[in-house]
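The basis for the numbers below is simple: all heavy atoms, side chains too, and nothing from hydrogens, waters or symmetry mates. In what follows, chains carry the letters A, B, and so on, assigned in the order in which the sequence lines appear, proteins first and then strands, with residues in each chain numbered from 1.
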Protein chains: 2
Amino acid sequence: MFENLFAVGGLSLDRLKSFVEVAEQGAIARVADGDPSRQSLISRQIGELEAFFGAELTRRKGKGLELTEAGRELARQVRLQFHGLTDFKADCARQPVEFRMAAGNSILEWLLAPAMARIVLSAEGSTFVLSGQRTGDVVRGLLDHTLDFGIVRKSAIVPPLKFRPIGKLRYALFVPKSLSALADRDLSKVPLALSVGGNFLETFQIAAKQAKQELNIVSRCTSFTLAAQLLRSGVAAAVLPSIAAPFLPSVAKPRPLSILASISRDLGIAWHRRLMDIRPRSTDLLEALANGLSVDLQKA
Amino acid sequence: MFENLFAVGGLSLDRLKSFVEVAEQGAIARVADGDPSRQSLISRQIGELEAFFGAELTRRKGKGLELTEAGRELARQVRLQFHGLTDFKADCARQPVEFRMAAGNSILEWLLAPAMARIVLSAEGSTFVLSGQRTGDVVRGLLDHTLDFGIVRKSAIVPPLKFRPIGKLRYALFVPKSLSALADRDLSKVPLALSVGGNFLETFQIAAKQAKQELNIVSRCTSFTLAAQLLRSGVAAAVLPSIAAPFLPSVAKPRPLSILASISRDLGIAWHRRLMDIRPRSTDLLEALANGLSVDLQKA
DNA sequence: CGGATATATTACTTTATCGTCATGTTTGAA
DNA sequence: TTCAAACATGACGATAAAGTAATATATCCG
């Protein structure tokens, strides 16, 4: 039935594994980790795969290499297959199945991480690897199956990703106690920390201009979590997702800010269309995630 | 990334291949084909896979063996994976990709085979394996990925199969020239050949009883194509799918039969939900099939 | 029971592929 | 031009897995 695959040698799990690792790391050197034998082995293995498939899988780029289109396709395929076998094995051994989830740092810290306690309970027999990444990287990870689930805004979704909304992410102004009085008097004087991560800053500034709201932006942070640190130290107020509130109770109270009312994002769970087929357990996990996360987002 | 898969030995493409072949053939002996070395090799390889996954994949049944639930799942998985790699290789080498299609014998002979000329043209770079099977086997083949496409009646579809209608299959009475005069005089006297394949006979008899139509059924065939042979020999009239008409022009003309008007079946193309993901070319092929087959069914 | 059939087990040989070492080639940067 | 970084190539021993053979065990059937 699969004569074409095995009529000639050249295909082996080890070679495919090496290739996927190179695809992952982007360089043989990183996979070989300084070991010159391993470097030569991997280089040869990729060559053997190329001979087997009759196509270039990598090409040289500068000192290193990059995958060809065929190479990326093969890496996707094989990653998927290895996941399938890994899960099957874990299932057989009644071992936990590992899922990899990612979100922006602020979502991760203030939404996903706190909800994990609940999620872990309703996802018996699964373990999780959480990572904070920029939205673009999350989407890329979902596309090439290095991630299983991502929590992202709806507008970031591209086919063949699927999306399940968990609620609207709103923003609020958090003013530390030290600046509370000043904020009551004249909001435009309050030193403000903003995040320049993602596309939030632009959106915010456009809204501010339209509302003719003067603002004293003293600090631009690379993430909301960093802005929250400035807030904690009392040097500045910050515009943060409202879900940060439970983590700053003694520091600041969120205040609705008129220009923020119009800024909100449909947040949800994203995954690859094929995920449920390849990893059957992910169906249940999706439910657990949706339940666990919706609750928190509604509260905020 | 896939430490669990490769931390211990025991997994190899060869072993997986042997296992899938056994799953296919249902017995080690059939795969080994009389060679006792191969028999022992395969038996051992399955054992090694079982050790690797930590689960029984087969169990003894009578003199032979059968797959366990885990075994069936693994076979499904691996078949899918091998298909993916096979296609990838064929694509790399710009070689044709092989698709396996099946239908009942009558559909195959009178609908699919004639349409293949057209389909082959619009499916450049694909080759086909056609097989005639009973509907139940077609469905089973689609479910476990031993088949890519099936032409079946809609009512046979089960999840996670998908269905695309190509038209209604109708039936007509074909009377050979030798019996033509008799049929004009008294239809109930005409010796009739019927197919007992599938669920057609029941449906037909119920309809006949309701219409109080007396019939002289002299022969029950195991397939419509066999009934058509009796028709060709002139010994009996036959109820056949109307699409048989172009193949019997000199033998008999189809006559509409009142009780047949109510019997018709939604015929269509069936495939596994995952097919389009695993074998990208199947998307185009589905279009070609739908186009090629609809034309013929409308004509009939 | 005894024979036939199918699979399992054990021991050994052969081979494909891995692992390693030495060395060559390409490329970017000083 | 030279150096260093990264990958490629060729040679060869080591090894896991395939291949082979003989034999054991399980099951059905007469």
A/F149 and A/F99 aromatic ring geometry - parallel, tilted or perpendicular at 30°/60° bounds: tilted
B/I42 CD1 - D/dA17 P separation (whole Å): 18 Å
Closest listed nucleotide, where the reference is the side chain of A/K63 and the choices are C/dG28, C/dA11, D/dT25: C/dG28
Side-chain N or O of A/S37 closer than 4.0 Å to phosphate OP1/OP2 of C/dG19: no
Residues A/K17, A/D14; criterion salt bridge (Lys or Arg N to Asp or Glu O under 4.0 Å); working and verdict: CA-CA 5 Å; A/K17 168 172 166 271; A/D14 217 87; 5.2 Å; no
D/dC7 OP1/OP2 closer than 4.0 Å to side-chain N/O of A/S43: no
Atom-to-atom span, NZ of B/K61 to C1' of C/dA6 - whole angstrom: 15 Å
Listed nucleotide nearest any side-chain atom of A/Q45, set C/dC18, D/dC7, D/dT20: C/dC18
Whole angstrom value for the distance that separates P of C/dA8 from CZ of B/R38: 15 Å
First of A/G10 and A/P36 reached from the 5' end of DNA chain C, by closest nucleotide: A/G10
Separation of atom CZ in A/F6 from atom P in C/dT17, rounded to whole Å: 11 Å
Closest to side chain of A/I28, choosing from C/dT7, D/dT20, D/dA8: D/dA8
Whole-Å gap separating C1' (C/dG24) and CZ (A/R60): 11 Å
Within the 6.0 Å centroid threshold, strictly below: A/H83 and A/H145: no
Among D/dT20, C/dT17, D/dA6, the nucleotide that comes nearest once only the side chain of A/A29 is considered: D/dA6
Minimum-distance nucleotide to B/E48 side chain [options: C/dT7, D/dA8, D/dA18]: D/dA18
Polar side chain donor-acceptor pair, A/Q25 to A/E21, under 3.5 angstrom: no
Sugar-phosphate, base or nothing in reach of A/T58, heavy atoms under 4.0 Å: nothing
Selection from C/dT7, C/dG19, D/dC7 that lies nearest to any side-chain heavy atom of A/D14: C/dG19
Interatomic distance where CG belongs to B/L41 and C1' belongs to C/dT9 [whole Å]: 13 Å
For atom CG of B/L11 and atom P of C/dT17, their distance in whole Å: 15 Å
Which atom of B/F19 lies closest to which atom of B/A75, heavy atoms considered: CE2-N, 3.8 Å
Distance-only donor-acceptor test, B/Q39 side-chain atoms vs C/dA8 base atoms, 3.5 Å: yes
Per A/R44 side chain, nearest of listed nucleotides D/dA8, D/dA11, C/dA8: D/dA11
Minimum-distance pair of heavy atoms, taken over all atoms of B/G10 and B/R15: O-NE, 3.0 Å
Nucleotide D/dA8, atom C1' - distance to CG of A/L57 in whole Å: 15 Å
Sugar-phosphate only, base, or nothing, as touched by B/S12 at under 4.0 Å among non-hydrogen atoms: sugar-phosphate
